[in-house]
Every structure is written in C-alpha cells, then in structure tokens.
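Note sheet for the following structure.
Sequence lines set the chain letters: A, B, ... in the order given, protein chains first and strands last, and positions in each chain run from 1.
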Amino acid sequence: MKRILLACASGMSTSILVRKMEEAAEEKGIEAEIWAVAQDKAPSEMERADVLLIGPQMRFMKKKYSKVAEEVGIPLDVIDPVAYGRADGEAVLNKAIELIGE
Amino acid sequence: MNDSKFMQLLENILMPIAEKLNNNRYLTALRDGFMVALPLIIFGSIFVVLANFPFLDRMIGEEAFAAYQSALGPASDATLGIMGTFVIIGIGYKLTQHYGGEAIYGGVVAFAAFLILTPQVLEGVSGVIPTSSLGAEGMFLGIFTAFIAAELYRFFVQKNWTIKMPAGVPEAVSRSFSALIPITMTLTAFILVRIIFSYTPFDTVQNFIYTIIQEPLTALGSGLTATIIIVLLTQVFWFFGLHGQIITNSVMDPIWYALNDQNLQAFQAGTELPNIITKQFIDSFLVGSGGSGMTLSVILLIFIIGKSRQLKEIGRLGAPAGLFNVNEPIIFGLPIIMNPLVLIPWILAPVVATVITYTSMVTGLVPPPAGIIVPWTTPPILNGFLATGNAWQGAVLQLVNILVVMAIWWPFLKLLDKNYYESEKSAK
C-alpha cells in the first residue's frame, strides 16, 4: 500500500490530479491511497504518508515542508508543471513510486 | 537565449519574495487564522443574502419581511459581524501551534488580551462590549494583539515559569496549571498597556491603532492605483508559476476584509456603500470569473476558435474546474507559465477588468460589493449577483468582463493555436 499525499494552496487543483492518479493506479494494479490537502494541513498529514508531492505553484513551500519531511522520514518533491497541467495521473504516480523507492 | 536569461533573473527575484512572504511565521499565522474564521464568515454571508432576498418584501408585506429579517439577523451578527473574534483566536492558535505549544491556550489568551484592550462601555452603559469592535473594525488591533499575546505566552512557557505538579496529578489538571502563570503574566502586560493608554490623548489602544495604522492603510488599499499594482503583482507571480493570489492575500486580506465590513454595515443599514475595492471586488470580479487571470474566458475561447488537438484537450480538461474558478489546469496546461506568447493578455486582461469594474461601480451603473463573502469557488454570474447584494447588474458586469477578457485573448490564443496546429500537422 502506497500512501501518497499531495498539497497545494487549498487542496483543490491537486484533488483533480488525485482522481487521475487513482485511475492510473487501478489500471496498473497498484494499491494506493492518494489524497490532497491544503497547505496548512500538509505538515500534520505527512506522518501517515509515504511521500509528499507539492503543486508547482506552491513550490516555495518546499523548504518549509522539507524540515517536517525529514523528521518523519519521507521523501518529497514538486510536481512537474507539465504533468500537472495535463493532469497526467500516470506520470505523477510513477514519480511518487520512484520517490518512495521500493 | 537572452529571453530565458531574463526570465531566470526574474524568477530568482520572485521566488525568494514568495518564499519569505509565505514562510513568515506571522503572515502564515494570519492567513491560517483567516482560514479558521472563513467557514463562519461564509455562513454569516449566506444568511445576509437570505435576509435580503430580492422582492420578498413586496411578496410577503413590509411587516412580515421585517419579522423575517430580524429572525435571520442573529445568524450573521454572531459570525460575520464579529469575525475579528475568530480571526484573533485563529491567529493565536496557529502561532502557538507553530511554536509547538498548547495551541488552544494561545487562542484564548489572544482573545482575552484583545478584550482587555477593547472598550467595555457603550454610550455610558458599562459591562457592554460593542460588537462593532469585535468585527472588522477591531481586526487590526486584534491581529497585533494576537501576535504579541501568543509571543508573550510562548516566552513565559519557554522560560518555564510554570507551576510543576507532583507526579500522580492527572495530566489534564497539571496542564491547566502549567498554563496559569504564562497566561497571568501575558494578560497582566495587556492590562498595563490599557492603563497606560488611558492616560494618552488616544484614550484606548483601539483608537490608537485605528488612527495610526488601520485608517491610513485601508484608505490606501481602497484606491484604484494600489489595486492595479496588486493585480499586476499577482499576475506576475503566477506567470512564474507561483501562486500569486495566496502571496498577495497574505498581505492584503486584513485591509480588504475591513473595507468589506464597512460595506456590509452600510448595506444592512440601507445607506450608501462607502467602498468599491473590497475583498469581494477581488474575489468575485477577478478571481471569481474563472480563477486568477479570469481564464474561464480562455476556455470559452478555446471552444470557439481552437483547432489544435492540444488546445482542445486542455479546454476539455480545464472546463469543469474552471467553472468553479480553479484554473491550475489551464495555467500549467496551456501553458500560461513562462509562455511569452500569452504574457500580454495574461497581465493586461485582469487590469482592464479591474478598471471596467471600478468605473461601472463608481458611476453607479453597478452597485459596489455589499460586503457579503461569496466563496471564491462560486461560479461566475451567480457570484457577481450574490456579491453585489442580489443585484442583477453584478451578474451582467461579470458577463461583460468575461467577454472583454475573451476579446483581449483572442489574437494571442489564435496565434498559439496556430502554432500548436502546425506542429501537430508536421508531426504526422
């Protein structure tokens, strides 16, 4: 089970991506829990996630999140803007799995 | 080559600004504090809309309408009317949480400190706290008070000036005692401040903040020029792929909400609305017309003139979210970010819409926003109707703006579409 957390300003635009990622995961037969939150909720949600992906428009949060991510020991990265714009669920899912690294 | 170097340079300037503004602990607490208050503010706004339902007075008669209004009144009085209260508790909570302290004590100590500084007498009657000072009017004082109270509280907690209970005392009991001394010290400091101010010509801290900070700031924020600058900044941030609205909101929200509240009070009293620029001017007439940059117009235009597969795909993908003013799919998908082809309409369109909206309100063609907080995810047309206090002119204005933005984008989108179309053809 991969637990993938997405974060953006209010968790709205990332939630579009969540749906696409879930579809991609189902197609590939990957068991995954994917959810999106607003920026202020991200630090507390990180504890139960395996990886954090940040919406590109909020990439200035990366440094702040990195500290928390280090504490709970999960990788994080900013979502590729092109994949974000196309709502390319598969690409982002692959990236998440690559970051979790198993 | 030179172009991309210039872009890189600008990004290098903007990125640290965004990071500083967004990671500043006070601005973060301010923004998150407003988030705490937001559901209550929106609840209150919905009831203002209901209480002022158009034509209802003519349908059920003056008397029944008055009874109807006074029955619904407390809903907004208890939320929207005292929104400062929730913002203050929210800020105190969030700032204390940031330091890893017992957040709820940070929230209540901030609120108590604010009440200590607030006049507790109205027209000679003591033991009364005017709700007006708990609303947007008291918000500036509240914001500063919440920052200082939470900082003092943290300071005393970290100094470890607390009463230690012997082992075996229940956790909840020892926790409330551990907060006792820090809270006492913090609130004592505020009592002293209140006493000191009673000897100044300002009489209260409320007066002082209002005269020195709040009034000049809101006056500045209510002007067209300042607004255009803010709109430009927001667009420039977005052009570099940074969430411009979040960044400018973190500075402007206290001002915009205060202006909003002045309008709400006038609207409920049935007097002339004092401000045009308000939170809702930005949220309904700019952001609420498809998202930052009003890109619902771009989506509509894609459906009308789009030939390339890429553009049509983006339009289909972006339309459902765009209707509710979420527009990241378009911003990143078109793409708008770092795309010199669309820089001009991206920056120009919202500025033109700002001028049109402002002008039509200043001339009385369209009523200014009534101070009702319409969630920014409300679809356009409906959004403009509600924001102006159920005025059809507000809906028409949004429609006009959407058409104007389409006209501005038309030549640029046509060019972009042609480029995509030709590269798709040659790819085959």
Next item on the list: Please test B/E328 against A/T14 for side chain to side chain contact (heavy atoms under 4.5 Å, CB included), starting from the C-alpha separation and ending with a verdict.
Entry: CA-CA 9 Å; B/E328 276 89 345; A/T14 36; over 6 Å; no
Checklist line | B/P329 versus chain A, the contacting section by heavy-atom distance below 4.5 Å | finding: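 For B/P329, heavy atoms of backbone and side chain both lie under 4.5 Å from chain A.
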Note to self: Need one label for B/K20: side chain, backbone, both or neither, based on atoms under 4.5 Å from any heavy atom in chain A.
What the structure shows: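 Neither part.
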Taking atom [atom1] of [X] as the centre, does the number of heavy atoms from other residues, nucleotides or ligands within less than 6.0 Å exceed 12?
X      : atom1 : value
A/E23  : CD    : yes
B/E424 : CD    : yes
A/R86  : CZ    : no
B/K307 : NZ    : no
A/E33  : CD    : yes
A/E26  : CD    : no
A/R48  : CZ    : yes

Note to self: Run A/Q57 and B/I246 through side chain to side chain contact (heavy atoms under 4.5 Å, CB included) and show every step you take.
What the structure shows: CA-CA 10 Å; A/Q57 74 278 27; B/I246 280 275; over 6 Å; no
Notebook entry, point to check: Which atom pair, heavy atoms only, marks the closest approach of A/S10 to B/W376?
Noted result: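 Nearest heavy atoms, A/S10 then B/W376: OG-CZ2, 3.7 Å.
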Next item on the list: Quick one: closest heavy-atom pair of B/F332 and A/P81, and the distance?
Entry: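 Here B/F332 and A/P81 meet closest at CB-O, 3.5 Å.
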Just how far is it from atom [atom1] of [X] to atom [atom2] of [Y], taken to the nearest 0.5 Å?
X      : Y      : atom1 : atom2 : result
A/I16  : B/L317 : CD1   : CG    : 7.5 Å
B/I247 : A/M58  : CD1   : CE    : 7.5 Å
A/S13  : B/H243 : OG    : NE2   : 7.0 Å

Item checked: Test item: A/R59 side-chain N/O and B/G241 main-chain N/O as donor-acceptor pair under 3.5 Å ->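 Yes: the side chain of A/R59 pairs with the backbone of B/G241.
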Next item on the list: Test A/F60 against B/L21 for side chain to side chain contact (heavy atoms under 4.5 Å, CB included), laying out the working first.
Entry: CA-CA 10 Å; A/F60 45 82; B/L21 283 177; over 6 Å; no
Check: Are side-chain heavy atoms of B/T377 and A/M12 found at a separation under 4.5 Å?
Finding: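 Side-chain contact under 4.5 Å: yes.
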Check: side chain to side chain contact (heavy atoms under 4.5 Å, CB included) between A/K41 and B/D32: does it pass, once the steps are laid out?
Finding: CA-CA 10 Å; A/K41 292 278 183 306; B/D32 296 345; over 6 Å; no
